[in-house]
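Here's the structure, in structure tokens; my notes come after.
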Amino acid sequence: MSLFSYAKPRALGEALRLLKNGTIAIAGGTDLVGLIRSGLARPEGLVDLTGIDGLRGWTREKGKGLRIGALTPLADLETSPQLQKLAPMIAQSLRDAATPQLRNMGTVGGNLLQRNRCWYFRDEAVPCWLKGGTRCFAAEGENRYHAILGAAECVMVAPSDLAPALIAYDAEIEIASSIGRRTVKLGQLFVTPSGRQRKEHSIKKGELITSVRISDAALERRGTFLKAMDRKAWSFALVSVAASARIKDGKARDVRVVLGGVAPVPWWVPAAHKLLEGSALDDNSCLAAADLILASAQPLRDNGYKVTLARELIRRALRSLVA
Amino acid sequence: MPPVRGPNAVDIALTVNGHAATAHLPSQRSLLELLRGELGLTGTKLVCNAGNCGACTVLVDDRPVYSCITLAVACEGKRVETIEGISKDGELHPVQEAFIDHDAYQCGFCTPGQVMSIVALLRSKAKPTEDEMRRAVTGNLCRCGAYVNIVKAGMSAARRGTK
Ligand SMILES: Cc1cc2nc3c(=O)[nH]c(=O)nc-3n(C[C@H](O)[C@H](O)[C@H](O)COP(=O)(O)OP(=O)(O)OC[C@H]3O[C@@H](n4cnc5c(N)ncnc54)[C@H](O)[C@@H]3O)c2cc1C
Ligand code: SF4
Ligand code: FES
Ligand code: FES
């Protein structure tokens, strides 16, 4: 590991001042420390965000919705009985994310900004397209964990379990920098690597995520998160599905279906949401929506199974909203 | 502004197993390197060094974490507990006793990490369900496959009480 300096500010303003060229923010370090060790990140300095108290924990205020600080450990969200009632998809998505130790260390902001798990990417010796090379080795190589949808030059998949759950609540994130603050839909944070954009998200140098917000209206939705893994614990999603809807008189409104593990970004298809508006979420409508979501699927050599898996998980998640 | 420390060796002060400890380390070193290399606490094991196995599990401010991917410098002022710290007055901790009674290991390499995960669970919940016990050790791999007896040992320690 290369040498770097280290600072642990107590206030957000100090952290933003310390984030200059060559320095990187660190939260739980569960992704970043590995990236530094393998030479995939080479910071001259780290700014540890975990000393900033104001960014930890969550609050609910009527009229203002739910606000989750970006430095909240994942474990705190997973184990809170109040939050399990208020926004069940969040705890469901974290239950099988990584391990207890990693959820104690890992934070909300870090989870959203973690880098992808493509094995060619993680191998520092492989100069693949995303790292500035000319080829995607996964496209022609070992690709059972890779994308079936939405990929361009790079076929990696969005690894976060939390992101689809939050997007299915229409979550927004607050971003701060030394020149001000901005709020964006979480769904817009993620970038499909293509052309000159060899990156996974749109956070700029010097910017920090400070919080995630979910509106009161979105909290009225029911939600289900399902994750398929190739063993029962400690693995990334083969496919994950977050489905939510407001159910009134047996009919679904404001339906959202967001997938992880299938595309370079969390994946949803607005036309499918429209199709389900007013539906009773019977088997046929759920499968019709699934087919619409998967219509543009282009499986690679080894990952055709993801299409079948996604179709059934979408059906189950949607059905559970009216069960 | 907080001091920017390093990149060369920095002084780190923390509490380890109830005692004040200090170390002088470059900022890229892990908590595991501090424990094993600087303090000679070799009970905590190094296996994958990448957050993939759980052998290096210790408690930081009561929570189980992987010490191999925790930066030592980030533990300034924190309370760290290792397998060496849980026995009192030369007596094994009840979870350690239960591991012996239930034959909960073969090679023993994963054991310190498994024990720390279970100790943390029983502190936050004295009477967990078997499912909670199993989930508490999902972040600790056992290559010898002693899982069944590990969970049995944990449940037995819970029944007997760990106080
Ligand atoms: C073995 C293993 C298994 C895993 N399994 C899963 C899984 O099943 N599901 C899943 O969802 N995840 C999984 N993960 C990923 C894990 O959840 C993430 O590594 C973790 O959530 C990252 O959070 P962190 O606080 O440790 O981030 P760090 O490692 O500290 O940071 C990650 C990145 O985010 C940036 N960053 C952090 N916080 C902020 C902020 N507030 N503002 C701006 N930038 C910030 C950092 O600069 C860095 O680039 C796994 C990880 C490992 C090692
Ligand atoms: S999928 Fe992306 S990260 Fe993986 S080899 Fe291809 S370009 Fe690289
Ligand atoms: S040695 Fe730390 S998790 Fe394997
Ligand atoms: S007893 Fe050998 S690894 Fe668990």
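Since this is a predicted model, take the numbers as computed values, not measurements. Every chain is numbered from 1, with letters handed out A, B, ... down the list of sequences.
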**OP:** Would you mind checking which part of B/T138 comes under 4.5 Å of any heavy atom in chain A, side chain (CB onward), backbone (N, CA, C, O), both or neither?
**Re:**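 Backbone plus side chain of B/T138, per the 4.5 Å heavy-atom cut-off to chain A.
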Original post:
So which part of B/A136 gets closer than 4.5 Å to some heavy atom of chain A, the side chain, the backbone, both or neither?
Top reply: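 Contact with chain A involves the backbone of B/A136 alone.
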**OP:** Could you please state which residues from residues 99-112 of chain A sit under 4.5 angstrom from chain B, measuring non-hydrogen atom to non-hydrogen atom, sorted by number, or 'none'?
**Re:**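 So the qualifying residues are A/T99, A/P100, A/Q101, A/L102, A/R103, A/N104, A/M105.
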More than 12 non-hydrogen atoms from neighbouring residues, nucleotides or ligands closer than 6.0 Å to [atom1] on [X], yes or no?
X: A/K205; atom1: NZ; answer: no
X: A/R122; atom1: CZ; answer: yes
X: A/N21; atom1: CG; answer: no
X: A/R144; atom1: CZ; answer: yes

To the nearest 0.5 Å, what is the distance between [atom1] on [X] and [atom2] on [Y]?
X: B/R5; Y: A/F4; atom1: CZ; atom2: CZ; result: 12.5 Å
X: B/L141; Y: A/W234; atom1: CG; atom2: CH2; result: 4.5 Å
X: B/Q28; Y: A/L3; atom1: CD; atom2: CG; result: 5.0 Å

Original post:
Partners of A/Y145 by ring pair (Phe, Tyr, Trp, His ring centres under 6.0 Å), sequence neighbours excluded?
Top reply: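 Result, ring pair (Phe, Tyr, Trp, His ring centres under 6.0 Å) vs A/Y145: A/W119.
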Original post:
Got B/L71 and A/L46 here, is their nearest side-chain heavy-atom distance under 4.5 Å?
Top reply: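 Side-chain contact under 4.5 Å: yes.
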Subject >> Validation row: B/R63, A/P73 side chains within 4.5 angstrom (heavy atoms) >> reply: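 In contact.
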Original post:
Non-hydrogen atoms of chain B under 4.5 Å away: do they reach the side chain of A/I26, the backbone, both or neither?
Top reply: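 Answer is side chain: those atoms of A/I26 sit under 4.5 Å from chain B.
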Original post:
Distance-only, no hydrogens or angles: does the A/R37 side chain make a donor-acceptor pair with backbone N or O of B/N49 under 3.5 Å?
Top reply: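 Indeed, once roles are kept as given, a pair shorter than 3.5 Å links the two residues.
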**OP:** Against chain A, work out which of B/P26, B/G6, B/S27 has the most heavy-atom pairs shorter than 4.5 Å and name it.
**Re:**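 Option with the greatest count: B/S27.
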Original post:
Applying side-chain hydrogen bond (donor to acceptor under 3.5 Å, both in side chains), which residue pairs with at least one partner in residues 83-98 of chain A are found, sequence neighbours left out?
Top reply: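 Sorted pair list comes back empty.
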**OP:** Identify, with sequence neighbours excluded, every residue that meets side-chain hydrogen bond (donor to acceptor under 3.5 Å, both in side chains) alongside B/D101.
**Re:**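 Residues passing side-chain hydrogen bond (donor to acceptor under 3.5 Å, both in side chains) with B/D101: B/R160.
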